[in-house]
Structures are given as structure tokens and as C-alpha cells.
Protein chains: 2
Amino acid sequence: MQPLVKRGASGYAGPMIRRSGVTIEDVAAAVGVSRQTVSRVINGSPNVKPAVRERIDAAIEALGYVPNLSARRMGGGRSYVVLAINDRARTIENWQARRGNDYVDQMLFGGMTACEAQGWHLVFELVDTLAVPARRGLANALASLRPDGVILTPPHCDNPALVDLLAERGIPCARIGHRDGADTVDVYMDETGAAAAATRHLVALGHRRIAFIAGAANYGGSALRIAGYRAALAEAGIAEDLVGDGDFHFETAERVIGALLSGDAPPTAVIADNDEMAFAALHMASARGLRVPEDLAVVSFEDTPGVRFAVPPLTAIRQPVAEMIAHACNRLIAIVEGKGGPGRHEIPFELVCRASTGRVGD
Amino acid sequence: MQPLVKRGASGYAGPMIRRSGVTIEDVAAAVGVSRQTVSRVINGSPNVKPAVRERIDAAIEALGYVPNLSARRMGGGRSYVVLAINDRARTIENWQARRGNDYVDQMLFGGMTACEAQGWHLVFELVDTLAVPARRGLANALASLRPDGVILTPPHCDNPALVDLLAERGIPCARIGHRDGADTVDVYMDETGAAAAATRHLVALGHRRIAFIAGAANYGGSALRIAGYRAALAEAGIAEDLVGDGDFHFETAERVIGALLSGDAPPTAVIADNDEMAFAALHMASARGLRVPEDLAVVSFEDTPGVRFAVPPLTAIRQPVAEMIAHACNRLIAIVEGKGGPGRHEIPFELVCRASTGRVGD
DNA sequence: AACAGTTTTGTGAACGATCACAATTTGGTA
DNA sequence: TACCAAATTGTGATCGTTCACAAAACTGTT
């Protein structure tokens, strides 16, 4: 193989180690056109003769040319980077508690797949929660990476300091779990409808005393879900609701569920606001000698991988995180390319029925 | 707020929209030094007068200057990017099977934390498995992103085409789960020792008939674990081993474990090569009316978040994925900075004892 | 055949940093 | 005080691409 050497443009006479691989100039030289014409082909400009375009495409293929992202950025064009912001404190906390983070896995899968399909890249960054450090952290990431679009996940999606900063800089922004859509791309799922669907599923199975274990009073999603749960109860003519206050964690949920089961009229079914609390329901049932689903049916919100292997496997509302992130990436890329703007996008949820509510199988 | 305008260096007279925020020139102008002196401060060059350095640091802080990564790369310096390669087929398969991927979550956490602590960035890319597309995919990613270091995860870590490509380009490379260390940074855990520890734990609890459900015959890790399991059995004077051939999945594992339990001398303990197969053991025990851990003890290899919530919670060998990736990032960054080179690094595993082997609690 | 308008192609400047090298300042010694 | 070496600072070139603008090559119409 021939060594990668190249002469500089200046008077410098010696051989120069080429710092990188094939450049746009190499392609241009191979075809006998200017670099700008090659650039036009790469960027899909319409004003290139078909015959020339073909020869350039062939040369790109033959030489294995791939544009240098940094140079493209420097040239004043796009960065072809979508930046996804996660909360630092929450990420580290989850980690230290060995709680895992299926959300991140789904983000990576959904976002990366969507971005790479269009030749883009997804980069993650951790940013602190509090307003001032958050703004600072995002500003640093923007300065350093110069992304063309930014995805804000909870809780950052509700932080006006970040949304404003992006608006000032003119960087399109997508918010996951936010449902406004005035100035940003808001991608969310129908929390209310999902809770209603879970409730209706239990009603259809004959349950009348259905409890809902909420994750957090101040978490918007929980409130919407409670509303859906209540609406479905009302629909079925069930007057009494049974809402327990949890905190998304196992221990509290165990206590709350235990209290409900010890009450005057214990529930025959429980909807938990996330998987960890649903597992608490299984443990509690086991501790009280209750059979699942015969004595207590359990439905969860989240559907992390482990619920398939619970004894019994859990019926759950699947949060379409990967789909939401993929959609957000696609919308952001479209905006950068001049098609489309801000808006609301509801991604469908899925009620996955498994044995914990009576259906056998899966 | 004053509009971000700037004049070009040429004869162009009109105001120019500044494409980005604060630049190194702004800092230099504010302090009254040249851009190169500011660059020296940013990059920790020793030859800057302390007084000047202080004034520059203050200006950087005051202006909120953060270097533009693309420009740094173009300047001929580093990219400050570590690229982590994952297998595309495996990632998509895991996704479609709704199997989740705690590995990715751990990579992201461990790698990002390590990188950002040193002002670096971690970028993920999916690359196909087969040798030719894999080389091509990596070459594209290298051309596009120009990372300063690359992390190969299984199965790419064992692909010589990729290792060679990186060697040709002079890009330092870390391999996770590989244990050679001659030319690359190899970071792995002691699979043999972990399997031995799991086995000894069961022996200490009085078990003599201990089965090992292997994941895959052609997977290097499984072979090492079987060796550790056998060594620990020999150590305890147990002649007969019980190795079942699984495929890391639930259904096969159920069948294999069922066959072992129906044998002449059924095991009283099972070590599964991953969590999914350990869950199969739990299900099988439940189906046969066996109590865990009294009639059948279960140990798993992997320790994904869900195992804490199994009934009963699973004792498991925790794979230190986050720590391995963090270590890989740190070693790669060190190499780029001229300190250190290739080598082997064993990251300690952990045996997390939970109720599935008899210990109460957790 | 000449013209105007459109399509296609090419050229120099710019992006924001680092590198290589040159110029200047500083400090110690004769 | 003068001089040399070391420490500190500055200048022009460069990386690979796109932008803005100019030039050239095609159209179709008169």
C-alpha cells in the first residue's frame, strides 16, 4: 500500500504526513471537477449535470470518501449532530442505587437508529438540574459541540431556562414528555389514555375495586394518569377510587399497597405507576398469601425488560421511549433541512397483556 | 442584549451575523494577548507567566468561553472524542425481542462520566458484524468523526479487521472482554474467578450437586466460566460436573434445566450464564413445586436491575461494565496525552448475595 | 446568428482552533 | 553593563469543508 503523503500548498518541500484520509479535493481531482461541485453532490444540490453527478458518486464510492464532520461544521454548514440532554443527578442516582436505566437504552437505540439513517449523529451529555447550572451546562455543550438540534428529556424538558437559551441561539429543540408544542417539537405519549386503557382492561376482567399507586404528586405524568384512571372508573360506574401515594420506589410502594390491602375493602387489582412499584405489589401479594392474578391483578406502567420474567409476567403499559426519541430526531432533522417546524406529536402507547392480569401466555 | 455581530477580516463592510458564541480571539482581545497564548492556557502549556495565565483564566470564566470542538479538530490537534462501537445486528435484535440492554446503559453511564470529567466526549456508533462491512463501517465512522480513541465491545473486540484498521491509522484502541493486551488496551473481568466464586459460595452453603447452564459454546466468556466452575468443584472434591448447554435465552434454558431436574440425580443449585436463564430457573422451580432457595438455589451472571425484584431476589455475579468502559476511556485518554500505552486491565467483579441462595435480606 | 436567461461550474474567503517557527522579553553570569 | 540562554509571546500557515459570488456553458427565442 502506498504511503499517505501529500505536499502542502506552501513552499514547503518535504513530504508531509497526511493527517487524515480521503478529502473532497481527492474526489474532485479524481473526477476532474472543482471541490465545490463535489460538495454539491454530497449535499444534494439540484444544479449538477446528471453525468457529472454519476462520475462523482462513483469516485466517492471508489475512494471510500466520507466527509469530515468537523470540517463541515467549520465551513459554516451544519454539524449533523443532535444533542440529547439527560439529568446528571438523576443519572448518577439511578446508577448508585443500581436501579438501571432502561430509558437511556431506549434513547440510544431509538435516537441512534433514526440519526444514522440520515447520516446524522447522536451525542449525549449530562446536565445538572438546577436552573443556573443547567443553563451553564447546556451553554457549554452548545459551544463545544454546536449541535443542530437538542432533545430535552425529563426533567429538563420543563426547564424554561434551557428552552429560552435554545430559542436565543436559534437551535431547534424537542421536548420529551412535554405537551405544549408552541415553539418546540413536543413528543409525548397519551398518559391519560394509557391509564384509562389499563383501568378498562381490569374492569373488563370483572374488577370493581381497582387501586392506583401514584409515583409522585408533583410529576405531571402521574396526575394525567390518575385522571385517566378516574375517567375510566366513572365510565364503568365505579364511584370509589383508591389512589395510593408512592414515590416510584419499592419500599414505599410496599407500605402503601400493604395499607390498601389491610383496609376495609381491599382492592382486587392494582395499577402501579412504574415497574419497581409493580414488583412491590407482587412481593406484597406473595407475603400475604394472595395469588396473582386470581386474588390480586397487577398492571404496571413502564414495561422494562425484566417484567417479562416476573412470576407471573406483568401486564404493562409500554412507554414508547425509543419511538419518541426517534420521532424527535426525525423532526429536528427535518426542521434543520427546512421542512416543518414545531408541533405536538403523540406517540401511541401499548398495553401488553401478560399473566399478571389473567391472560396466560407470553 | 447586544446583537451578536462581528466584522469579517476582508473588505466586506456590512455587519456579519456571528455564527457562534465566544471565540478564542474574544478572550485574547479582552486580555490583550494573542490567541496562541490563550490556546496555551487552555491546553496547559507550562510556558505562560502566572500573572497572564490568571488574567486569561478570569476572562475565560467571565466570557463563558468554551473551545469549539470542530475547530480544535481542524487545527490539527485532538478531537477529544472517544468512539464506542456496538454491534448493529445484536443491538437491533435485542431491541426487537424487547430484551433490553443494560450493557448499553452501563456503557453510557461509565463512559460518559469518565470522559466528561476530563473534558472529553463519548460518541456511540453501530457497526455491522461481518468482517468487510465492519471494516467499512468503522472506516466511515473514523473518517466522519476522527475520534482520538476507539472502544470495541463484543463481538467487535475479537475482530482483527477492526483492530488492524485502527493500528494502521494509529488510533489507540480499547477492547472490552478481550484479554491479550499486546497492542491494545484490554479491559476485562476475571470470568474464571467469578464462576469459581459463585461455585464456592454454593459449596459453602452445603451444595454438592451444582449445575452450570452455559450460554454459548463458542463464546469465550462461557468457556472461561465453565473452567472456573470446574476448578472450584475439584477444589471441593466434587468429581461430577453438570453442564447444560443453553443459548442465553429463556426458552432453551427452561428446557435444559427441566432435563437436569428430571435426571437421576437432580442438582440442588444452578448457576446460570446470564439473568434471563436464571429467571428460567425460577420459573422451572415454580412449575415443579420446588422452593427457592430451599430445594433449588439459583445464582446468575450479569445482575441486571430486575434481578433485585425477582421472587426471591437473585444472587448474582455483577459484571462491572460501567467500570470497564470508564477504565477504557481513561486509558485511551492517557495514551493520547502521551502517558501510558497498551496493556491488560482486570476489573474486579462482585458476588452480590441475595435470597435465591439462602441469605435473607437485600 | 445573436441575444437573454437559465443552468452548471469554479474561485477566494471564512470558520476557529493548533502547529511551526520567529520574535521578544527575562534572568543570570561574566 | 553587556551578553547569552531560557522563558515567554506573537505571526502566518493550515486543517477540510461550505458560503458568496463570479464565470462559463448551455437553453430557447427571435
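Since this is a predicted model, take the numbers as computed values, not measurements. Naming convention: chains lettered A, B, ... in sequence-line order (proteins, then strands); numbering from 1 in each chain.
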Any luck finding a side-chain donor-acceptor pair between A:Arg175 and A:Thr184 under 3.5 Å? yes

Atom CG of A:Asp148 and atom P of D:dT18 are separated, to the nearest Å, by 13 Å

Problem - Check: A:Arg35 side chain, D:dT18 base, donor-acceptor under 3.5 Å - result: yes

With a cut-off of less than 4.0 Å, is there a side-chain N or O of A:Asn47 near OP1 or OP2 of C:dT9? no

When B:Tyr80 and A:Gln36 are each assigned the nearest nucleotide of DNA chain C, the 5'-most assignment goes to A:Gln36

When you measure from the side-chain N and O atoms of A:Ser39 to the phosphate of D:dT17, is any distance below 4.0 Å, counting only OP1 and OP2?
no

Looking only at D:dT9, C:dT7, C:dG16, the nucleotide nearest the B:Lys49 side chain is D:dT9

Considering only heavy atoms and no angle criterion, is a donor-acceptor pair shorter than 3.5 Å present between the side chain of A:Arg40 and the base of C:dT8?
no

_Tell me whether the NZ or CZ atom of B:Arg72 lies within the 45° cone about the ring axis of B:Tyr80 and under 6.0 Å from its centre._
yes

The nucleotide from C:dA17, D:dT11, C:dG10 with an atom nearest the side chain of B:Pro67 is C:dA17

From CZ of B:Arg53 across to P of D:dA7 the rounded distance in Å is 14 Å

Here the distance between atom C1' of C:dC19 and atom CD1 of B:Ile24, to the nearest Å, is 13 Å

Is it the case that over 12 heavy atoms from other parts of the model lie below 6.0 angstrom from the CG atom of B:Asp183?
no

**Report entry** Under-3.5 Å donor-acceptor pair between B:Arg73 side chain and D:dG16 base
**Finding:** no

To the nearest angstrom, the CD-P distance between B:Glu25 and C:dT18 comes to 11 Å

Taken to the nearest whole Å, CE/B:Met74 to C1'/C:dC19 is 13 Å

Pairing donors with acceptors under 3.5 angstrom, does anything connect the side chains of B:Thr91 and B:Asn86? no

In whole angstroms, the gap separating C1' of D:dT14 from CZ of B:Arg72 amounts to 17 Å

- Task: Could you tell me whether the phosphate oxygens of D:dG10, OP1 or OP2, come under 4.0 Å of any side-chain nitrogen or oxygen in B:Thr37?
- Result: yes

Original post:
Do NZ/NE/NH1/NH2 and the carboxylate oxygens of B:Glu125 and B:Arg88 come within less than 4.0 Å?
Top reply: no

Closest to the side chain of A:Ser34, out of C:dT11, C:dG16, D:dT17, is C:dT11

Phosphate OP1/OP2 of C:dG16: any B:Asn68 side-chain N/O under 4.0 Å
no

Whichever of A:Arg78 and B:Ala71 has the more 5' nearest nucleotide on DNA chain D, that residue is B:Ala71

Per atom distances to the A:Tyr65 side chain, the nearest of C:dT18, D:dG10, D:dT17 is D:dT17

